[in-house]
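Let me begin by presenting the structure, written as C-alpha cells, before commenting on it.
Throughout, a chain's letter reflects where its sequence line sits, starting with A, and its residues are numbered from 1. These figures come from a predicted structure and were not determined experimentally.
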Protein chains: 2
Amino acid sequence: MSISSRFAVGIHILALIDLNKETASSSEFIAGSVNTNAAVIRKIMGMLKKAGLIDVQPGVAGAKLSKELSEITLFDIYKAVNVVEENELFSIHDKPHPDCVVGKNIQSTIEPIFMAAQSAMEKVFQNLTLEDIVKDIEAKEHIQ
Amino acid sequence: MSISSRFAVGIHILALIDLNKETASSSEFIAGSVNTNAAVIRKIMGMLKKAGLIDVQPGVAGAKLSKELSEITLFDIYKAVNVVEENELFSIHDKPHPDCVVGKNIQSTIEPIFMAAQSAMEKVFQNLTLEDIVKDIEAKEHIQ
DNA sequence: GTTCTTGTAACTGCATTGATTACATGTTTA
DNA sequence: TAAACATGTAATCAATGCAGTTACAAGAAC
C-alpha cells in the first residue's frame, strides 16, 4: 500500500509553475520535468484547477497559480488530488459479529483512533505551504 | 487508496484472544467474530506470531498473547501485519528531470516532509496499547 | 486554416486486497 | 492406531486502483 504519487506530482507541478513563471509551462514541458506523460499531467492539473489552485484555459499554453505561494498549503494540494478520502485512510473490516463482545464494539473503539492518526498526519501538511517548498528548492540551488 | 484492514483485524484478533481467554480461540471461532474466512485469520495470526505477539502451535486450537496487554502497542501490531513499509506511505515519482531546477531538487525536498507526516501518524499508535483497546471495549459493554 | 494547446475518454499492464479452496502437517482423543 | 480437528501455506479468483499510453474533440493563436 502506498499513497498515490499524484500528491508528489501535484507539488512538483505547482512549484514548477511558480519557478518558471517568465515562460508558459505547458503540460508537455511539465511532463518532461516530472518524467511522465503529458496526459497524466493534464489530468492532475485538472484536479488542481477544480480545487481553485491554478488557472488554466483550454487551448492556451501554461497555467498560473490562483493564490500566493504562502496561501497554498500542502494540505490543499493533498485534498485537491484526492489521494485519501476523508477519514478513510485505514480500512476497517465490516459486519463483525454483533453477538460477540469484541465484534459488537470494535468498530466504535477503533474508528476514533484511526481518525486521530490520519489527522496527525494531515496536520503536518496543513502547517506547510508551497512557499516552504519553493524556498527550499531555491536554497538548494544556491548551494550548488 | 486505503490501508489494509489487516491492521484492524489484527487488533480485533488480539483483543478477542484476551477477552476470551477461558476458552481456546480457534481460527474458525475468530473468523466468525471478524466475519471473514478462517484462512484469512490464520494468515494474519501467522504475522502476529512471527512478530512475537502471540504463541500458537500447529495443530493446537487457540493462541495466547506473548506479552502483557500493556506491553503490546498498536504500533507493534501495525508493524506486524505489514500494512505500510518504512518511510513509504507516500509514493514519489522517480527520475524527475535532472536538468530542471525543480526536478533536480524535488525529491530531497519532499522526502523529509513525507517522513514527518508518516511519523506523526505512527506516533499515535505508539502511544496506545492493547490494554486501552480492551478497557474501552469492556467499558462499552458495562454501559449496555 | 494550420498549428499548438487543453480536456477527456478508453485501454493497457501491473500490484494489492480479501475471499476461497485445498491440502500437508501436527495434535488430540476415543 | 485411526478418526477428528487444528494450524500453516500455497494457489487461484474477482475487484480495485495506479500510472502509462494513445487518440481525438474542442479551443486559441499566429
Using whole Å, report how far [atom1] of [X] lies from [atom2] of [N].
X: A/I30; N: C/dG7; atom1: CD1; atom2: P; result: 11 Å
X: B/F7; N: C/dT17; atom1: CZ; atom2: C1'; result: 17 Å
X: B/N35; N: C/dT20; atom1: CG; atom2: C1'; result: 14 Å
X: A/E28; N: D/dT21; atom1: CD; atom2: P; result: 12 Å
X: B/E88; N: C/dT16; atom1: CD; atom2: C1'; result: 15 Å
X: B/K95; N: D/dA19; atom1: NZ; atom2: P; result: 15 Å
X: A/I41; N: D/dT21; atom1: CD1; atom2: P; result: 12 Å
X: A/L89; N: C/dT17; atom1: CG; atom2: P; result: 13 Å

Do A/E138 and A/L19 come within less than 4.5 Å of each other through their side chains, counting heavy atoms only? yes

Could you check A/S25 against B/K43 and say which one's nearest nucleotide on DNA chain C is further toward the 5' end? A/S25

Is there a donor in the side chain of A/E122 and an acceptor in the side chain of A/Q126, or the other way round, less than 3.5 Å apart? no

Any side-chain donor near an acceptor of the partner, A/H12 and A/S33, under 3.5 Å: yes

Looking only at the side chain of [X] (C-beta and beyond, no hydrogens), which of the listed nucleotides [options] gets closest?
X: A/N37; options: D/dG20, D/dT7, D/dA10; value: D/dG20
X: A/A61; options: C/dA19, D/dG20, C/dT5; value: C/dT5
X: B/K49; options: C/dA22, D/dG8, D/dA23; value: D/dG8

How do B/S91 and B/A63 order along DNA chain D: which one's closest nucleotide is nearer the 5' end? B/A63

Assign each of A/R6 and B/R42 the nucleotide of DNA chain D bearing its closest heavy atom; nearer the 5' end lies the nucleotide of B/R42

Distances for protein N or O near nucleotides 24-30 of chain C N or O, under 3.5 Å:
none

Would you indicate what B/S2 reaches in the nucleic acid, counting non-hydrogen atoms under 4.0 angstrom: base, sugar-phosphate, or nothing? nothing

Once you apply a heavy-atom cut-off of 4.0 Å, does A/T36 come out as touching a base, just sugar-phosphate, or nothing? sugar-phosphate

Quick one: is [X] getting a side-chain N or O under 4.0 Å of the [N] phosphate, OP1 or OP2?
X: A/S27; N: C/dT5; answer: no
X: B/S4; N: C/dG18; answer: yes
X: B/S26; N: D/dC5; answer: no

Assess whether salt bridge (charged side-chain N to carboxylate O under 4.0 Å, His left out) is satisfied between A/E86 and A/K79, documenting all intermediate values. CA-CA 9 Å; A/E86 186 128 352; A/K79 294 298 280 185; 3.4 Å; yes

May I ask you to check whether B/F90 and A/Y78 place their ring centers less than 6.0 Å from one another? no

Hey, any chance B/M115 and B/V83 share a hydrophobic cluster, counting ILVMFWY side chains that come within less than 4.5 Å of each other, even indirectly? no

Describe, in one word, how the ring planes of B/F7 and B/F125 are oriented to each other, choosing from parallel (under 30°), tilted (30 to 60°) and perpendicular (over 60°). perpendicular

Test item: B/S5 side-chain N/O and A/H93 main-chain N/O as donor-acceptor pair under 3.5 Å: no

